[in-house]
Structure formats: C-alpha cells, structure tokens
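First comes the structure, then the notes that go with it.
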Amino acid sequence: MSEQGINMNENAQGDVVSKNFIEQIIDKDLAEGTYDTVVTRFPPEPNGYLHIGHAKSILLNYGLAQQYHGKFNMRFDDTNPTKEKEEFVESIKADIEWLGADWEDRLFFASDYFDKMYEIAVKLIKKGKAYVSDLSADEIRQYRGTLTEAGKEDPYSTRSIEENLKLFEEMRDGRYSDGEKVLRARIDMASPNMNMRDPVIYRVAHMSHHRTGDKWCIYPMYDFAHPIEDAVEGVTHSICTLEFEDHRPLYDWVVREAEFPNPPKQIEFAKLYLTNVVTGKRYIKKLVEDGIVDGWDDPRLVSIAALKRRGFTPESIKRFVELCGVSKANSSTDYAMLEYCIREDLKLKKPRMMAALDPIKLIIDNYPVGQTEYLEIPNNLENEALGTRQVPFCRELYIDRDDFMEEPPKKYFRLFPGNEVRLMSAYFVKCVGFEKDEDGKVTTVHCTYDPETKQGSGFNARKVKGTIHWVPAPYAVKAEVRLYENIIDEEKGVYNEDGSLNLNPNSLTVLKDCCLEPALKDAKPYDSFQFVRQGFFNVDSRDSRPDALVFNRIVSLKSSFVLPK
Ligand code: ATP
Ligand code: MG
C-alpha cells in the first residue's frame with residue numbers, strides 16, 4: 001500500500017495510480033474477513049489459441065495473486081468435448097509461460113472434477129432442486145418464454161425425486177441417445193433473468209473426451225460446471241468478462257445449493273478490444289481456416305503466438321495491459337498503443353543496424369578498387385552499454401532506393417545530382433552521376449567521397465543536411481523482409497455489406513532482395529534489431545534459414561500516437 005492512501009497503487013514504472021475496481025473489492029473482502037487469502041485463476045477452453053485479450057485476463061489474474069501474496073491457478077475448462085483438442089492445451093501452456101505467468105504446481109483440468117459435478121447434480125436432485133426433462137432443445141426454448149413473457153413450467157418438472165435419481169443414473173449409464181433427456185435446475189420459470197428459468201445443467205452426449213475418454217456420456221453445462229470448478233479449487237475471486245454478468249445469479253445459486261462453505265464470487269470486467277485487428281477466437285479461426293493468413297501465428301494476427309513470432313516481448317504486452325487498465329465499460333483500444341509499447345521496450349535494448357530494403361548500388365568512383373577498411377560504429381547511440389561493431393567500408397555499397405532522387409522536391413536533403421550527404425558513421429559523398437536500366441529505373445548512383453571527412457576525424461569545415469545509411473555490397477547479407485499493415489482498415493469499415501470482414505489487401509508486403517550489413521549474418525530466430533529509419537525487425541521463427549534469412553517488421557519508427565494521460 002502506498003503512502004498516498006489505501007486506494008492507490010504503484011505501477012512498474014513507479015507511478016502512483018488509483019486502484020482499479022477489482023482491487024477495491026478484494027481490499028474490502030480481506031478487510032471484512034470474507035476471505036483471508038486471494039486465489040485467482042485463468043480458465044481457458046482448449047479450443048483455439050490465446051490472443052491479446054486473453055493476455056489481459058492472464059496478467060490481471062496472475063498480477064492480483066502476486067500483489068496479494070495469494071495463488072494463481074491455471075485451469076483448462078475442458079467440459080465440452082466437441083471442440084477441444086490436445087494441440088491447444090500445449091499451445092496455451094506455452095503462451096502463458098512465455099507471458100511469465102507462473103502457475104507453479106497449480107495446473108488443473110475441469111474434467112478432473114466430473115465425478116464431483118455428478119455428485120453435486122445428484123445432491124440437487126435429492127434436494128428437489130433438479131429434475132430430468134424429456135423436452136427437446138427446441139421445446140425447451142419455446143417453454144422458456146421471452147424477455148417480456150414468463151416461461152412455462154416444464155411438464156416433466158413434477159417427476160418424483162426417486163424417478164429423477166433413477167433417470168439421471170440411466171442417463172449416465174448410456175441408456176439414452178444425445179438430446180433425449182437433460183437434467184434441469186429447478187429455479188424459477190418466471191424469473192426476469194432468462195438464465196434462471198430452469199437452466200439445463202447436464203446433457204447426454206456420446207462423445208470421447210480428450211482426457212476422460214469414454215468414461216462419460218453425459219457432460220455438464222458451462223454455467224453449472226464453472227462455479228463448481230472455482231469452488232473445488234478454493235478460488236476466491238472468479239474474474240470473467242462482462243457477458244457473464246447476467247449469469248452471476250446462476251453462479252451464486254450453484255455454489256449456494258451445492259453448499260460450498262466459503263464460495264467464490266464472480267467479478268466481471270470489460271473485454272479488451274483492439275482497433276484494426278481481429279480479436280476473438282472465432283474470427284481468428286475463420287481467417288486461419290479460410291487460408292487468408294498463414295496459420296494461428298501469422299504475424300498479422302494478435303494471437304499470443306503471432307505476437308511472439310512478430311517480435312513483441314512479454315514486457316511490451318505487460319506494459320500495454322497495464323496502460324489499458326481494468327474497466328466495466330466496453331471500448332476499443334488503439335492498436336497504436338500496442339505499437340508504442342513495443343517501440344519503448346526495444347528502443348534501448350536493441351542494436352541499430354543498416355539495411356537497404358529496396359537496394360540500389362552506390363559506387364564511390366574515387367575510392368580505391370579492392371580496398372576495404374573497417375569502421376567502428378556504435379550499436380545504440382542512446383545506450384553505450386550495447387558497445388560497437390566493425391563494419392566494412394569499400395567502393396561499392398548499397399543504399400535504399402528512396403535515398404536518391406533524380407529530380408528532388410524541395411526539402412529533399414538526401415542524394416541527388418550535385419548534392420553532398422553523409423554516409424552514416426563513414427564519409428561525406430557527393431553525387432556525380434547515375435545509371436538507369438531500359439525501364440528507366442535507377443540502378444546505380446555514382447559519387448565521389450572526401451577522405452578528409454572520415455567519422456571521428458574532427459572534420460567540421462562544412463555541413464551537410466542529409467545522412468543516409470548504407471551496406472557494403474561485397475559483404476551484404478541478402479534477406480527477405482516482410483512488412484505488415486493492419487489486417488483491417490477500420491476507417492473503411494470493419495465489415496462488408498455481406499457481413500464478411502473488410503480485409504486490407506496490403507496487409508503483407510514481401511521484399512525478396514534486401515541487403516543487410518554483415519553483422520546480421522548469424523541472426524537467429526526471435527533475434528530483433530532496429531534497422532535505421534525502417535523500424536524494428538526480428539528473425540522469423542518459422543521461415544528463416546541460416547542461408548536464407550527472413551525478417552518481420554515488428555513496428556515502424558514513426559507514430560502519431562500520444563500516450564493518454
Ligand atoms: P473468445 O471470445 O475470443 O472466443 P473466449 O471467451 O471464448 O474467447 P475462453 O477460453 O473461454 O475464450 O477465455 C478464457 C478467459 O479469457 C475467460 O475468463 C474470458 O473471459 C477471458 N477473455 C476472453 N477474451 C477476452 C478479452 N478480449 N479480453 C479480456 N479477457 C478475455
Ligand atoms: Mg468462452
């Protein structure tokens with residue numbers, strides 16, 4: 001607790017910020033003795049990869065457990081065998097580990113509680129709080145009524161306790177086909193809350209489960225299973241997103257009727273949405289299945305696997321989630337804020353290298369043929385600790401195409417005929433000519449250099465306005481570089497008239513013949529660098545090979561984003 005008062009916290013940056021509404025609830029619960037500890041959990045369904053929204057939930061739950069010296073449970077909510085896959089269990093674990101949320105030995109599977117759930121269902125039947133119904137799914141829907149109209153009693157709700165016990169046991173023993181019978185909680189068919197109108201809590205489904213195999217042919221429904229999972233694990237604060245607000249009375253009903261001694265409480269917060277990208281497992285899945293992106297970790301996606309592959313760091317995501325805060329109101333966060341966080345994180349940590357993404361030759365006509373000298377260049381001007389490197393310099397270099405113009409507009413200070421510029425950390429060169437191919441594209445720029453202007457030689461007699469980066473041609477490392485734009489351009493609308501996503505056709509640009517300075521030769525997957533003027537890049541973990549490097553642009557350097565106060 002900070003000196004500023006009980007409702008304040010200090011964040012990782014050392015700023016004092018007011019406590020969010022969840023922290024205030026926890027403080028009150030601890031002060032009043034409702035709970036004497038804090039146990040949170042992250043409960044993903046293993047039916048897809050995690051995305052940035054889940055990262056928020058993970059870091060929130062893990063962060064609260066840490067802050068209150070409590071416990072954080074990792075629990076797979078694997079109660080629905082239709083959609084679940086082992087593949088997702090592994091990817092989810094890897095993503096959470098990467099984010100740094102440590103569940104220690106507290107890894108749980110909801111399917112381990114199937115016996116307990118069955119036992120509680122039997123208990124409810126014995127208390128007269130649940131009954132077996134033969135209504136079909138359609139009939140249940142019709143009987144449920146509407147928001148303005150009360151539901152009708154289920155004609156099977158008058159079955160005796162004995163009959164219900166017998167039928168439920170028969171359901172478990174496989175005597176009925178899928179959909180033939182269900183178990184319903186007996187609550188209130190006239191409740192204004194539709195979730196309370198005798199919800200189905202068990203269904204028959206003859207399906208194999210990825211962990212329990214064929215042991216069960218009845219499976220619990222989410223609203224019944226989830227509160228039990230929380231209670232069994234001793235969770236205190238069950239944090240979920242706003243769409244479950246209307247389910248809270250049912251959550252409370254289940255833990256009360258199951259007679260858990262110190263039941264958990266559900267707290268809802270608003271989901272994280274980002275502009276210009278696709279969040280939501282369903283939409284990401286569709287892009288993957290339709291082959292619009294190259295798998296769940298396509299760098300244009302915001303799945304955690306994709307963010308990692310693109311070159312985001314756990315630190316940048318933590319900072320982002322912290323800046324987003326926790327709220328009860330739905331809103332979309334600007335994607336530019338995520339970009340701001342990764343730029344800030346990498347700025348001082350990564351070396352600045354030179355790369356010509358669209359290279360043209362620069363020949364220094366008066367530099368000796370066959371000579372190479374080595375120039376010592378600092379790796380990061382703002383962080384001396386990153387040291388220096390030796391870069392070969394010689395007669396033939398590559399520069400970026402847009403650093404030369406035959407007919408420059410006003411205020412263009414880079415190379416054009418007759419103009420002198422500084423080659424970064426090297427010499428001044430003056431453009432004395434250029435060559436074009438038959439299509440009129442510039443292929444080579446000719447310059448002369450002034451040996452007196454060597455870096456660090458103290459030469460200061462004249463000034464030049466432009467500095468350009470360069471790569472020594474005989475030593476250049478060839479690489480493929482992939483540039484990304486947002487997958488959706490929200491200014492043009494998220495959806496088309498037919499309801500499909502309005503995808504940005506320019507979301508991926510592949511540059512095949514980029515030339516990088518030789519220090520990048522041994523770059524390994526996930527290594528990241530700043531390329532002068534171009535942004536931050538990392539080595540693609542999927543497609544890069546030692547002799548055919550592939551880089552992803554993580555983020556460009558420029559931004560109009562301003563950190564909200
Ligand atoms: P999606 O809506 O993307 O399909 P989901 O809710 O079906 O996700 P789960 O595996 O059920 O995915 O989610 C696990 C946890 O993550 C839940 O507690 C859920 O509330 C939380 N969560 C899911 N999406 C977001 C989001 N966008 N922002 C914050 N938390 C989220
Ligand atoms: Mg869900």
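We count ligands from 1, going down the list as the structure has it; atoms in each ligand are counted the same way. Predicted model, so just to flag it, every value in this text is computed and none were measured.
A salt bridge links D540 and R309; the closest N-O separation between the charged side-chain nitrogens and carboxylate oxygens is under 4.0 Å. Classification of D154 and R186 as a salt-bridged pair fails, no side-chain N sitting under 4.0 Å from a carboxylate O. A salt bridge does not link K56 with E322: every distance from a Lys NZ or Arg NE/NH1/NH2 to an Asp or Glu carboxylate oxygen is 4.0 Å or more.
The shortest N/O to N/O separation between K56 and ligand 1 does not fall below 3.5 Å. For ligand 1, the polar-atom distance check against K281 finds a nitrogen or oxygen pair separated by under 3.5 Å. Any N or O atom pair closer than 3.5 Å counts here, and R282 shares no such pair with ligand 1. The distance criterion of under 3.5 Å between nitrogen or oxygen atoms is met by T241 with respect to ligand 1.
A 6.0 Å sphere centred on CG of D36 holds no more than 12 heavy atoms belonging to other residues, nucleotides or ligands. For K286, the NZ atom sits in a loose shell: 12 or fewer heavy atoms of surrounding residues, nucleotides or ligands are nearer than 6.0 Å.
Of all the atoms in ligand 1, the ones that sit under 4.0 Å from a non-hydrogen atom of H51 are 3 (O), 24 (N), 27 (N). Annotation for ligand 1: atoms under 4.0 Å from non-hydrogen atoms of P44 are 10 (O), 14 (C).
Side-chain contact between Y251 and K265 is absent, with no heavy atoms from C-beta onward closer than 4.5 Å.
When non-hydrogen atoms are compared, ligand 1 lies under 4.0 Å from the side chain of F42 (C-beta onward) but not from its backbone.
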